[in-house]
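Have a look at the structure below, then the notes.
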Amino acid sequence: MLYHHGMNVKEEIDKLTAELKIYQDKYYKEGVSLISDNEYDRLTDRLIELETEHPELQHPDSPTKRVGSDLTNDFPEVRHTIPVLSLDKAYSDEAVLSFFSKSIDKEGGALSFAAEEKIDGISMVLYYEKGILQRAVTRGNGEIGNDVTPNIMTMPSVPLSLSEPIDIAVRGEVYLNKADFERLNNEEPDESRKAANPRNLAAGTVRRQKSSEAGRVPLTIFCYEGFWSDKTETPPDHLHILSKLKALGFRTNPHFAFFASSKKEAEEKLSEAGLEGEAYSFDEIDAFIKKKTAERKNLPYEIDGLVFKINELDVRESFGYTEHHPRWAIAYKFEAPQAEAKLLGITVQVGRTGRITPVAEITPTKLGGSTIRRATLHNQEYIEELELAIGDTVSISKRGDVIPAVESVIEKNEEGHTTFVLPPDCPCCHTPIIQVGGLQYCPEYTCPDQVKGRIAYFASADEMDIESLGPKTVGDLYDAGILRSIEDIYTADYNQAASLPGFGEKSISAIENGVKESLSRPFVTVLSALGVAEIGKKSAEILVKNGFDSIDKIIAASDAGDPSVFSSISGFGELTGQRIIEAFRSKPLRETIEGLRKAGVHLDATMDKKDEDEDLEQIFSGEVWCITGSFRNFNPRSKALKEIEKRGGRTVSSVTGKTTHLLAGTGGGSKAADAERLGVKIVDEDEFLRMIGMEDEKDEADENGQLRLF
Ligand code: IVH
């Protein structure tokens with residue numbers, strides 16, 4: 001530590017702080033590295049070390065805040081010192097035009113308007129005192145939000161200190177670029193942890209419990225409003241607010257447009273404020289909306305609309321506010337709400353991973369050809385962003401055409417219901433709910449809803465494919481005490497169900513057959529059916545391909561405790577190894593595994609082939625098969641060849657005098673003619689399926705005929 005020799009601790013902290021700040025600024029603002037990564041890391045580590053020993057000497061805007069920490073965040077509720085309002089919405093060009101003309105009429109004089117992209121992210125308020133970031137607070141209900149400062153401090157685009165020592169609150173939207181979202185979501189092996197869209201991932205990150213983890217997600221911010229404590233410092237209009245925000249060090253959206261009575265006037269005002277942006281006259285609003293609508297998909301981030309704001313601050317003041325919205329701004333939304341419904345109630349579901357999902361129960365509503373009664377509400381944060389209360393009239397849309405979602409509140413209820421809050425305890429087992437990265441979980445592994453979910457998942461068509469053992473049946477058998485765990489599937493006495501409604505002799509023997517048949521599923525299927533958070537279909541395949549072709553190998557590696565054995569596998573993320581180890585060391589999973597072992601389930605890939613092929617009747621022995629055309633159930637065609645070979649048949653690539661059968665799919669070529677000429681028996685797909693005792697695969701509806709929400 002030659003360089004710092006002779007300094008006392010405070011001097012060293014001050015010096016390192018100043019120095020690292022310069023490096024960070026250069027790097028984040030200009031992309032320039034003034035020193036090597038190694039040297040930078042060394043200085044940062046030293047500063048962290050000194051700050052940990054002497055927390056009282058840490059600067060509030062220390063560059064180490066960018067790194068985050070492993071301490072557990074709680075997100076205390078804090079009261080906003082500015083009103084954090086949302087915007088009134090418009091869904092047509094006409095509505096925007098009418099906002100412009102009504103505003104101008106009302107003012108009775110010249111006005112100008114700013115037009116900004118409505119970023120689809122997380123609303124954030126940054127509070128600075130004497131130029132130092134004190135708090136970053138979510139919007140919450142507009143009065144009270146959550147303090148998420150440590151996470152927001154890791155964002156390079158959020159200045160920890162400003163170029164002037166002022167008191168100011170700044171509103172902005174925290175968001176994640178589409179490309180970063182795709183990449184991070186692809187790296188997440190756990191299906192249940194994947195986010196539905198960039199906005200949800202950003203929301204989860206903002207509420208991560210460890211800021212060091214939040215810091216690994218490249219969140220960024222666009223700031224769009226400033227509220228000065230000292231009103232005399234407040235700029236006269238929005239243009240000057242934006243240019244001042246920029247000068248103070250905030251990131252503002254360069255896609256900015258400005259409307260005035262003439263294009264020339266708009267240009268002049270922009271340049272006077274030192275802003276770059278597109279200048280328009282009022283009669284170009286239509287064209288502007290069309291242009292932005294077309295450009296939307298090419299933007300690196302998601303926007304859900306455009307915000308039009310009156311520029312002049314004195315006019316804003318005189319127009320004032322309704323209870324929820326300023327009267328001086330309007331949000332044009334690209335997507336009109338597709339249906340209106342009333343929120344009758346919110347039920348709380350517990351998934352197999354313990355994830356708690358609030359679900360909106362709504363008045364039956366026709367949307368896209370089906371009647372919708374329920375819509376997902378994702379999590380508590382989502383409910384808060386919507387300020388959603390029972391009895392509210394809401395707009396419903398189908399995002400990505402599958403999952404119906406509540407988009408916004410159209411009208412507040414008149415019964416005085418306030419924003420819905422998830423119960424503190426699991427609705428099923430009453431264990432206190434825990435927070436994990438913005439999501440809520442029931443931590444109780446034995447929670448009946450979780451157990452039912454795990455059993456149903458294991459038995460589902462995509463996993464062990466146990467016929468007649470769907471979610472409803474699993475629930476009934478669980479409640480009757482007949483089926484209490486995954487391993488029970490193979491030892492349960494299903495005859496006990498005979499007295500239950502809906503369990504006839506036939507259905508009981510169907511279950512028994514399904515269970516027996518599932519014993520021959522390959523190891524890779526068993527591995528993913530276990531429902532370990534990290535191991536879905538794809539990861540199970542990767543594990544097996546990388547030598548983890550038996551459960552005992554995975555258990556041995558987990559017990560050895562070196563996560564890199566797993567995380568070094570290409571396609572596996574950093575955390576995966578740790579999570580696999582935790583899962584396979586856990587007692588309940590080990591019990592399940594031992595139960596399955598006793599039952600004879602494949603826990604080793606070497607069991608796969610033997611079982612499948614030896615047991616098959618050699619019905620094609622001595623026969624020579626050729627194949628042509630394409631098939632519903634065999635894609636690629638080689639799958640059909642395998643079925644023939646497994647049953648003792650030989651396969652050839654052209655029809656000759658020695659060929660005994662031609663398996664003919666649709667659209668075959670000249671082979672059928674050859675076969676006819678040579679007297680070769682032609683077998684179509686239906687007949688072939690009958691021969692090998694396979695059923696035609698068809699799309700089966702979910703057991704209860706219910707829409708699959710999650
Ligand atoms: S202005 C009083 N400008 O949209 C000022 N909001 O429903 C109100 N948003 O909660 C906000 N981009 O989270 C404004 N350029 C923008 C915005 C924007 C996104 C969000 C913001 C707000 C919601 C309005």
Side-chain angles (χ1 to χ4, degrees), residues 80-91 96 99 113-126 136-146 148 152 169-176 197-200 202-203 206 219-228 234 237-239 241-242 245-246 250-259 275 277-278 292 296 299 301-313 315-317 319-335 337 381-382 384-388 394-395 406-410 412 419:
H80 285 290
T81 53
I82 57 163
V84 190
L85 302 174
S86 60
L87 295 170
D88 208 359
K89 292 176 188 70
Y91 299 101
V96 176
F99 166 71
F113 295 83
E116 296 171 353
E117 291 171 335
K118 187 169 184 301
I119 308 293
D120 194 7
I122 311 304
S123 202
M124 195 63 58
V125 189
L126 308 171
V137 185
T138 62
R139 187 164 78 97
N141 64 9
E143 284 173 29
I144 292 171
N146 287 103
V148 291
I152 298 302
V170 172
R171 281 194 68 175
E173 201 79 355
V174 171
Y175 69 93
L176 189 60
N197 50 50
R199 184 182 181 289
N200 282 6
V206 161
L219 295 178
T220 183
I221 192 168
F222 278 139
C223 294
Y224 46 72
E225 294 286 335
F227 302 81
W228 277 257
T234 307
D237 60 25
H238 193 65
L239 290 179
I241 290 181
L242 288 182
L245 289 180
K246 274 176 81 169
F250 293 99
R251 186 164 180 262
T252 59
N253 189 343
H255 295 160
F256 179 77
F258 193 64
F259 287 82
L275 281 183
E278 298 170 15
K292 292 303 291 186
R296 179 186 176 198
L299 290 171
Y301 44 81
E302 293 206 335
I303 64 174
D304 57 350
L306 303 167
V307 183
F308 296 92
K309 306 171 175 177
I310 293 181
N311 182 40
E312 293 76 15
L313 252 56
V315 180
R316 287 189 182 186
E317 281 308 310
F319 276 31
Y321 305 84
T322 71
E323 210 180 312
H324 300 282
H325 317 295
R327 290 202 174 87
W328 45 260
I330 197 161
Y332 168 81
K333 299 266 283 182
F334 292 122
E335 264 113 45
E381 168 91 330
Y382 191 77
E384 272 159 27
E385 298 250 343
L386 294 172
E387 295 176 42
L388 184 63
V394 293
S395 73
V406 174
E407 290 294 337
S408 64
V409 173
I410 298 172
K412 293 304 291 175
T419 302

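Worth knowing before you read on, the calculation uses all heavy atoms, side chains too, and leaves out hydrogens, waters and symmetry mates. Order of appearance sets the numbers: ligands from 1, and atoms from 1 within every ligand.
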Centroid-centroid under 6.0 Å between Tyr332 and Phe308 rings
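Ring centres of Phe308 and Tyr332 not closer than 6.0 Å.
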Select one of side chain, backbone, both or neither to describe which atoms of Leu87 lie under 4.0 Å from any atom of ligand 1, heavy atoms only.
both
Between Lys118 and ligand 1, which part of the residue brings a heavy atom under 4.0 Å of the ligand: side chain, backbone, both or neither?
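It is both backbone and side chain that touch ligand 1.
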Shortest protein heavy-atom distance from [atom], along with the residue and atom involved:
{"atom": "atom 15 (N) of ligand 1", "result": "Glu116 OE1, 2.8 Å"}
{"atom": "atom 12 (N) of ligand 1", "result": "Ile119 N, 3.1 Å"}
{"atom": "atom 14 (C) of ligand 1", "result": "Tyr224 CE1, 3.3 Å"}
{"atom": "atom 13 (O) of ligand 1", "result": "Glu173 OE1, 2.6 Å"}
{"atom": "atom 5 (C) of ligand 1", "result": "Arg171 NH1, 3.8 Å"}

Do His325 and Leu85 have side chains that approach each other closer than 4.5 Å (heavy atoms only, starting at C-beta)?
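Counting from C-beta outward, His325 and Leu85 never come under 4.5 Å.
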Would you indicate whether the side-chain heavy atoms of His255 and Leu299 approach each other to under 4.5 Å?
yes
Could you tell me, atom by atom, which parts of ligand 1 come under 4.0 Å of a heavy atom of [X]?
{"X": "Val307", "result": "3 (N), 16 (C), 17 (C)"}
{"X": "Arg139", "result": "10 (O)"}
{"X": "Ser123", "result": "10 (O), 13 (O), 21 (C)"}

Identify which of Glu225, Glu385, Lys309 has a heavy atom lying nearest to atom 3 (N) of ligand 1.
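Of the listed residues, Lys309 has the closest heavy atom.
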For the pair Glu385 and Arg199, find out whether any cationic side-chain nitrogen is under 4.0 Å from an anionic carboxylate oxygen.
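Result for this pair is yes, salt bridge flagged.
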One thing to verify: whether Lys309 and Glu225 come together as a salt bridge, which I'm taking to mean a side-chain N less than 4.0 angstrom from a carboxylate O.
yes
Residues that Arg139 engages under side-chain hydrogen bond (donor to acceptor under 3.5 Å, both in side chains), provided they are two or more places apart:
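Per chain and number, Arg139 pairs via side-chain hydrogen bond (donor to acceptor under 3.5 Å, both in side chains) with Glu387.
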Check whether any N or O atom of Trp328, backbone or side chain, sits under 3.5 Å from an N or O atom of ligand 1, and answer yes or no.
no
Shortest non-hydrogen separation from Ile330 to Ala90 and the atoms involved:
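Shortest heavy-atom contact: CD1-CB, 3.7 Å.
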Under 3.5 Å, is there a donor-acceptor pair between the Glu173 and Tyr224 side chains?
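Side chains of Glu173 and Tyr224: pair found under 3.5 Å.
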